[in-house]
Amino acid sequence: MFLRLSTKLLNISIASLCRAKQLEKAEAAMIDGIRLGVLPDVVTYNTLITGYCQFVGFDAGYSVIHRMREAGILPNVVTYNSLMAAATRHRLLSRCVDMLEEMFEMGIVPDIWSYNTLMHCLLKVGKPDDAYRVFHDIILKNMTPCQTTNALMLFRNLQRHGYIPEIVTYNILINSLCEAGMWKTVMTLFEELKELGHYPNTITYTTVMKCCFRCKHFKEGLEIFMEMKRKGYAFDLFSYCTVIGALLKLGKWKYANNYIAHMIKIGYELDMASYNTLINWCCKKGKLEDAYNLLNVAEDMGLHGDKYTHTILINGLCRAGNIDIAQRHLNHMKMMGFDCLVAHNCFITGLCKVGLLDYALQVFKSMDTKDSFTYSTLVHNLCRAKRYRLAAGLLLSCIKAGMIPLGADQRAVIAGLARISSPRDAKRFKNKIWRAKLLHY
DNA sequence: GACTGAGTTG
């Protein structure tokens, strides 16, 4: 602990010396530190590298890597990103690429900043086409939701350099923003691309529409759908499934029936996702026999039921109160090796609905993966059964596993505890939740 | 020229 803290202090002082262009003093500080038993770490060397690159030159910075290795410290992604940034500052494209290649050789995985820097370097030396390719082929394709904001930033960077993105690029970006739940940004981008004179295609519309529905902006989603229709866009299976799914969720049967008829009429060969939409439609109407018949039709067409098909059917059975058959179907699904998480959640909901709460708890214990739905369902039903202490325990373990249950269920537990024991007890539990959220989320 | 989009549980 002492050593780590000291190294941190050493690093802070070396950083301020480097910023003040006092590289010799920084070196002296490092030697003093070693003499006192404070060993430099990768951060220390990275700081020095940045200083040398800035005030002496790229090669001076790069040579620090050898000293690092001699000291038994391996360079990391930050080391190379710093060197790439330095190469970019000096317009040394080949050195920038060298650093990226060296990273690969060392088994270091370049991150979004590495590619961002490479892109900047390409822009700086007048190779905007290659910069665009880096953005398009590498950054967008390797994006995770938490990196979406970075990608958006890069996208804006490119636009400032006069780039006109292709519609596909917009589509990929919009889809990533949707996965990250950034509905407002999606809508802004969608309006913007139209204003800039781009032509959104069916995929753009479908993706924006899906985003609206996923973020519970049904009215706006249906407006996008109407706009698509008004402008004469061709509907394909994807767009039909998207809109039908939303209408089924809203319980708008008349419209759903209408578009299902359209989807069948357009004459595209239905795929499994389309059959799943139809099977879900039957299940929601309570026509389970029709649902199973549709699965048979799909299988006759050479298609195979997937995890969605089985989950939809199990959910349908549970909603109809056919717990025994649902259990059998779930066992069958497990045996076939499908991912059964959502199916389990539906089954648990079904069990609670018919009053088999203790059996639902047993099923819960047997599950190897759980999500916030699993926990929320049980917490909700335990509260209804006034079993607040057990609900509180589950709520806490859910948060400790890094998941957030519904706010309404959290409030129900707190209110329940206050009622059965004391307001003080409830407050203590509230604090526990607060702490758990800070630590685990 | 391809790369992109749909379907299951609160």
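Within every chain, numbering begins at 1; the chains are lettered A, B, ... in the order of the sequence lines, protein sequences first and strands thereafter. The structure displayed is predicted, hence computed values, not measured ones.
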- Query: Taking the six-membered ring of Y388(A), is NZ or CZ of K386(A) closer than 6.0 Å to its centre and within 45° of its axis?
  - Reply: no

- Query: Regarding E299(A) and Y275(A), is there a side-chain donor-to-acceptor distance under 3.5 Å anywhere?
  - Reply: no

- Message: Taking the ring centre of each residue, are Y45(A) and Y52(A) less than 6.0 Å apart?
- Response: no

- Message: Can you confirm whether T204(A) sits close enough to Y199(A) that some side-chain heavy atom of one is under 4.5 Å from a side-chain heavy atom of the other?
- Response: no

- Query: Expressed in angstrom and rounded to an integer, what is the separation of H198(A) atom NE2 from dT4(B) atom C1'?
  - Reply: 16 Å

- Task: Compare the minimum distances between each of dT8(B), dT4(B), dG5(B) and the side chain of T206(A), then state the nucleotide with the smallest one.
- Result: dG5(B)

- Item | Spacing between N315(A) atom CG and dG10(B) atom C1', to the nearest angstrom | 11 Å

- Message: Please report the distance, rounded to the nearest Å, between CG in L173(A) and P in dG5(B).
- Response: 13 Å

- Query: Rounded to the nearest Å, what distance is computed from the CE atom of residue M403(A) to the P atom of nucleotide dG10(B)?
  - Reply: 18 Å

- Query: Can you list, by residue number, the residues of residues 286-309 of chain A that have a non-hydrogen atom closer than 4.0 angstrom to DNA chain B?
  - Reply: D306(A), Y308(A)

- Query: Between Y205(A) and P200(A), what is the shortest heavy-atom contact and its length?
  - Reply: CE1-CG, 3.8 Å

- Compute both the distance and the angle, then confirm whether K285(A) meets the cation-pi test with W281(A): under 6.0 Å from the six-membered ring centre, within 45 degrees of the axis. yes

- Message: Any base atoms under 4.0 Å from L406(A), or only sugar-phosphate, or nothing? Heavy atoms, all strands.
- Response: base

- Query: Which of residues 209-248 of chain A sit near DNA chain B, with a heavy atom under 4.0 Å from it?
  - Reply: K210(A), R214(A), D236(A), L237(A), F238(A), C241(A), T242(A)

- Query: dT8(B) P sits how many Å from F373(A) CZ, rounded?
  - Reply: 11 Å

- Message: Check the phosphate of dT4(B) against N175(A), side-chain N and O only, distance under 4.0 Å to OP1 or OP2. Yes or no?
- Response: no

- Aromatic ring proximity H262(A)/Y259(A), centre distance under 6.0 Å: yes

- Query: Do side-chain atoms of H217(A) reach the backbone of F213(A) as a donor and acceptor pair under 3.5 angstrom?
  - Reply: no

- Query: For R428(A), what residues pass the salt bridge (Lys or Arg N to Asp or Glu O under 4.0 Å) criterion, not counting sequence neighbours?
  - Reply: D425(A)

- After noting the C-alpha distance and the side-chain angles of D339(A) and K334(A), does the key distance pass the salt bridge (charged side-chain N to carboxylate O under 4.0 Å, His left out) rule? CA-CA 8 Å; D339(A) 164 23; K334(A) 245 187 271 183; over 6 Å; no

- Item | Gap between atoms NE2 and C1', on H329(A) and dT8(B) respectively (whole Å) | 12 Å

- Item | Those residues of residues 261-272 of chain A lying under 4.0 Å from DNA chain B by at least one heavy atom | D271(A), M272(A)

- Task: Provide, to the nearest angstrom, the distance between the CG atom belonging to L177(A) and the C1' atom belonging to dT4(B).
- Result: 13 Å

- Can you check salt bridge (charged side-chain N to carboxylate O under 4.0 Å, His left out) on E102(A) and R95(A), steps first, answer last? CA-CA 10 Å; E102(A) 207 171 297; R95(A) 304 300 280 139; over 6 Å; no

- Query: Which part of the nucleic acid, if any, lies within reach of T169(A) when heavy atoms closer than 4.0 Å are counted: base, sugar-phosphate only, or nothing?
  - Reply: nothing

- Message: Please report the distance, rounded to the nearest Å, between CD1 in I167(A) and P in dG1(B).
- Response: 19 Å

- How about N315(A) and N280(A): does a side-chain donor come under 3.5 Å of a side-chain acceptor? no

- Message: Y170(A): which residues meet the ring pair (Phe, Tyr, Trp, His ring centres under 6.0 Å) condition with it, sequence neighbours left out?
- Response: F155(A), H198(A)

- Message: So T277(A), base contact, sugar-phosphate only, or nothing? Heavy-atom distance under 4.0 Å.
- Response: sugar-phosphate

- Query: Among the nucleotides dT9(B), dG5(B), dC3(B), which one has an atom lying closest to any side-chain atom of V168(A)?
  - Reply: dC3(B)

- Message: Once rounded to the nearest 0.5 Å, what's the spacing between atom CE of M263(A) and atom CG of L270(A)?
- Response: 5.5 Å

- Say whether T374(A) and N345(A), considering side chains only, have a donor N or O and an acceptor N or O under 3.5 Å apart. yes

- Stretch residues 344-359 of chain A: residues that reach within less than 4.0 Å of DNA chain B through a heavy atom: N345(A), C346(A)

- Message: Between K284(A) and dT8(B), is there a contact of a side-chain N or O with OP1 or OP2 at under 4.0 Å?
- Response: no

- Side chain of D371(A) (C-beta onward), nearest among dT9(B), dT4(B), dT8(B): dT9(B)

- Query: Under 4.0 angstrom, heavy atoms only, what part of the nucleic acid is T202(A) near: base, sugar-phosphate, or nothing?
  - Reply: base

